[in-house]
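In what follows, chains carry the letters A, B, and so on, assigned in the order in which the sequence lines appear, proteins first and then strands, with residues in each chain numbered from 1.
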Amino acid sequence: MILGCCLEGKFNEAISFIEKMKEFGCFPDSVTYNTILGFFCKKGRLKEAGNLLQDMKEKGLMPNRYTFNILVSGYCKVGWLKEARKVIDLMVQNDVLPDIWTYNMLINGLCGEGRIEEAVKLKDEMEHSKVLPDVVTYNTLIDGYFKHGSSEDGFRLVEEMREKGMELNAVTNNILVKWYCKEGKMDEASERARMMEESGFPPDKVTYNTLINGYCKAGKLGEAFEMMDLMGRKGFKMDTITLNTILHTLCREKKLKEASELLNSASNRGYLLDEVSYGTLLAGYFRDGMADKALQLWSEMRKKEIIPSIITYNTIIRGLCQLGKTEQAISKFKELLRNGLVPDATTYNTIIHVYCKEGKVEKAFELHNKMVEKSLKPDVFTCNILLSGLCSDGMLEKALKLFNTWISEGKAIDQVTYNTMISGLCKEGRLEDAFHLVSEMKERNLGPDHYTYSAILGALASAGRMNEADEFMSKMVEVENFREQSLQLKEQNVKTSEITEAYDPDSNACSEQIIELCNQGRYKDAMRIFEASNQKGVTLSKSTYIVLMEGLIKRRKRLSKAVQ
DNA sequence: CTGCTCGGCA
């Protein structure tokens, strides 16, 4: 009964059952408490978990091995690794030695933070102690390498597993399938699934959902539907995750009406809706400028007592920020804290962003400091947001200082970081410094792209250095650069499947379309076909690239003129 | 009653 309540997310009812148990003369034991504790931790609601633990102790129930492990898992999930380690110390003090579960969860926590090397070290440590790494340990590390390290290292570990005589299980295979999907290698992904048929671990629900998602992301909706069909034929019912994948695809295609209809009819079709279903549509509404519908959906979700996760909160906070309703956004932030949720980097970045946009750079930095305090690592998003805030507030020197600190600390930066700094420098007329950064970003293989060029071009033009501007423009149309651009577009997975379907994948037809649209000044439409043809793997003629890029420069010029 | 794989936010 209690388990049932937890599964439905009705924690309060679960807790009230504990009281009822007592009325019937049976007392909750540690299993009862551990069950509920586990669900709080899974949902990231640590405050409530803490309260329950306190309650448990007051009832004189000693935490057991399960209790400790549940807490380790809970802390690891939200990235509080120090706290997780404290629990382990506590375990030792209570004569409960960390077991394979404890190690695996800690390794998973480290991988989640991108700290793979430390995770591997922990695995070695296990081997030296009596706790031998198992298939779960390997799966965790393999997935960690794919996510945050190199795939070579991931595959190396797969080999190591084989050498040790460990069998790759369904999860191992699913991790590989997911990785192939992420790389856009759908053929290899489905080949892996086919191999699973022959191994002792046939494809399961996760495999199918992974493939469906992969095909959706690749814009291959036909294959996605085929996979859903196959999933059904193999006896797997589609579940909430399948539904959410479809919802997301519909939203991305701007088919909000269909998405909303699907959401409404889902329960009739036997689907369970969760906070991801609502959050997906919510984000879709905000993206498409239908904020009123989004807010309506939020209250509908609350009415149904579906509990928002930190990501759901991030979505609504971001939406409110975009509406300029900063106060309301902040109040949602406070609400999630009250609900015992732990804000993540995205939460902070979103609010830092809105402060920067409002010119409250000091407040933005306060929040940045808070982030560090909470041992959340400011990431490349944080950096870019702060830099852009400083630049547009006329504090270029401070921006440069931050930029240099960031680099000297060896933290990751990306193309956006460079473009932000370059455009900041250009605005102040510091072209030589900007050029310096352009060559630096080239060295790091981070560009330049048309944002970089347009910043530089704008600065050259306003300095009256027209010859150099021309020179730059011709550099832009170098074929090498276009290759890079098209690769990037592929990676960004820009989706326009409607166009993809509508246009002839014949390379000449595409090229002609693009050139024609450019001639008409419809550069945006031209870009969309360019993206679509990229997706289909259509090779365009060189002149298409040139016309398109020249068109983009003109458009950027037109835009920057409009701004001035 | 605890761990690894699938869906969403920046």
**Request:** Measure distances between side-chain N and O atoms of A/S277 and base N and O atoms of B/dG8, and say whether any donor-acceptor pair falls under 3.5 Å.
**Result:** no
**Item:** Closest nucleotide among B/dA10, B/dC1, B/dG8 to the A/F381 side chain
**Value:** B/dA10
**Message:** What contact category does A/D274 fall into here, base, sugar-phosphate, or nothing, at under 4.0 angstrom with non-hydrogen atoms?
**Reply:** base
**Item:** Length of the line joining A/I246:CD1 and B/dC6:P, which is rounded to integer Å
**Value:** 18 Å
**Prompt:** Under 4.0 Å between a Lys/Arg side-chain N and an Asp/Glu carboxylate O for A/K121 and A/E125?
**Reply:** no
**Message:** With a 4.0 Å cutoff (strictly under), does any side-chain N or O of A/R318 reach OP1 or OP2 of B/dA10?
**Reply:** yes
**Message:** With a cut-off of less than 4.0 Å, is there a side-chain N or O of A/K178 near OP1 or OP2 of B/dC6?
**Reply:** yes
**Message:** Rounded to whole Å, please give me the gap between NZ in A/K42 and C1' in B/dC4.
**Reply:** 13 Å
**Message:** The side chain of A/I175 is closest to which nucleotide in this list: B/dC1, B/dT5, B/dC6?
**Reply:** B/dT5
**Request:** Under the salt bridge (charged side-chain N to carboxylate O under 4.0 Å, His left out) rule, what do A/R85 and A/E118 come out as? Steps first, then yes or no, please.
**Result:** CA-CA 14 Å; A/R85 295 228 187 229; A/E118 291 170 69; 5.2 Å; no
**Item:** Cation-pi check, A/K42 onto A/F39 ring (under 6.0 Å, within 45° of axis)
**Value:** yes
**Prompt:** A/D134 near the nucleic acid: base, sugar-phosphate alone, or nothing, with a heavy-atom cut-off under 4.0 Å?
**Reply:** base
**Prompt:** Which whole-number value in Å describes the distance from A/D344 CG to B/dC9 C1'?
**Reply:** 8 Å
**Item:** Nearest listed nucleotide, side chain of A/N139, among B/dA10, B/dC4, B/dC1
**Value:** B/dC4
**Complete:** Whole-Å distance, A/I316 CD1 to B/dG8 C1', equals 14 Å
Would you be so kind as to tabulate the donor-acceptor pairs closer than 3.5 Å made by side chains of residues 183-193 of chain A, with sequence neighbours excluded?
unit_1, atom_1, unit_2, atom_2, d
A/S190, OG, A/M186, O, 3.4
A/S190, OG, A/D187, O, 3.1
A/E191, OE1, A/R194, NE, 3.2
A/E191, OE2, A/R194, NH2, 3.1
A/R192, NH1, A/N173, OD1, 2.9

**Message:** For B/dT5 and A/K182 - does any side-chain N or O of the residue sit under 4.0 Å from the phosphate oxygens OP1/OP2?
**Reply:** no
**Message:** By the 4.0 Å heavy-atom rule, please label A/T350 as base, sugar-phosphate, or nothing.
**Reply:** nothing
**Request:** Just compare B/dC1, B/dC6, B/dG8 and give me whichever is closest to any side-chain atom of A/E275.
**Result:** B/dG8
**Prompt:** Counting side-chain heavy atoms from CB outward, which of B/dA10, B/dC9, B/dC4 is closest to A/A283?
**Reply:** B/dC9
**Asked** Expressed in angstrom and rounded to an integer, what is the separation of A/I212 atom CD1 from B/dT5 atom P?
**Response** 19 Å
**Request:** Can you tell me the distance, in whole Å, between the CD atom of A/E253 and the C1' atom of B/dG8?
**Result:** 17 Å
**Complete:** With the side chain defined as heavy atoms from C-beta on, A/T312 is closest, among B/dT5, B/dG8, B/dC9, to B/dG8
**Prompt:** Do A/T137 and A/T140 have a side chain donor and acceptor closer than 3.5 Å?
**Reply:** no
**Request:** Kindly point out which of B/dT2, B/dC6, B/dC1 is positioned nearest to the side chain of A/N69?
**Result:** B/dT2
**Message:** Measuring to OP1 and OP2 of B/dC9, would you say a side-chain N or O of A/R287 lies under 4.0 angstrom away?
**Reply:** yes
**Request:** Report yes or no: is the ring centroid of A/Y66 under 5.5 Å from the six-membered base ring centroid of B/dT2, with the two planes under 30 degrees?
**Result:** no
**Asked** What's the NE2-P distance between A/H368 and B/dA10, to the nearest Å?
**Response** 21 Å
**Prompt:** With sugar-phosphate meaning primed atoms plus P, OP1 and OP2, does A/T207 contact a base, only sugar-phosphate, or nothing at under 4.0 Å between heavy atoms?
**Reply:** nothing
**Prompt:** B/dC6, B/dG8, B/dC4: which one has an atom nearest the side-chain heavy atoms of A/S309?
**Reply:** B/dG8
Using a 3.5 Å cut-off and no angle test, enumerate the donor-acceptor pairs between side-chain atoms of residues 275-286 of chain A and protein atoms at least two apart in sequence or in another chain.
unit_1, atom_1, unit_2, atom_2, d
A/S277, OG, A/N244, OD1, 2.8
A/S277, OG, A/D274, N, 3.0
A/S277, OG, A/D274, O, 3.3
A/S277, OG, A/D274, OD1, 3.0
A/Y278, OH, A/K304, NZ, 3.3
A/T280, OG1, A/V276, O, 2.6

**Request:** Begin with the C-alpha distance, continue with both residues' side-chain angles, and end with the deciding distance and a verdict on salt bridge (charged side-chain N to carboxylate O under 4.0 Å, His left out) for A/E159 and A/R156.
**Result:** CA-CA 5 Å; A/E159 276 315 304; A/R156 193 177 47 75; over 6 Å; no
**Message:** The side chain of A/H248 is closest to which nucleotide in this list: B/dT5, B/dT2, B/dC9?
**Reply:** B/dC9
**Asked** Does A/N174 put a side-chain nitrogen or oxygen below 4.0 Å from OP1 or OP2 of B/dC6?
**Response** no
**Request:** Return the nearest nucleotide to the side chain of A/T280; candidates are B/dC4, B/dG8, B/dC9.
**Result:** B/dG8
**Atom-to-atom span, CZ of A/F236 to P of B/dC6 - whole angstrom** = 17 Å
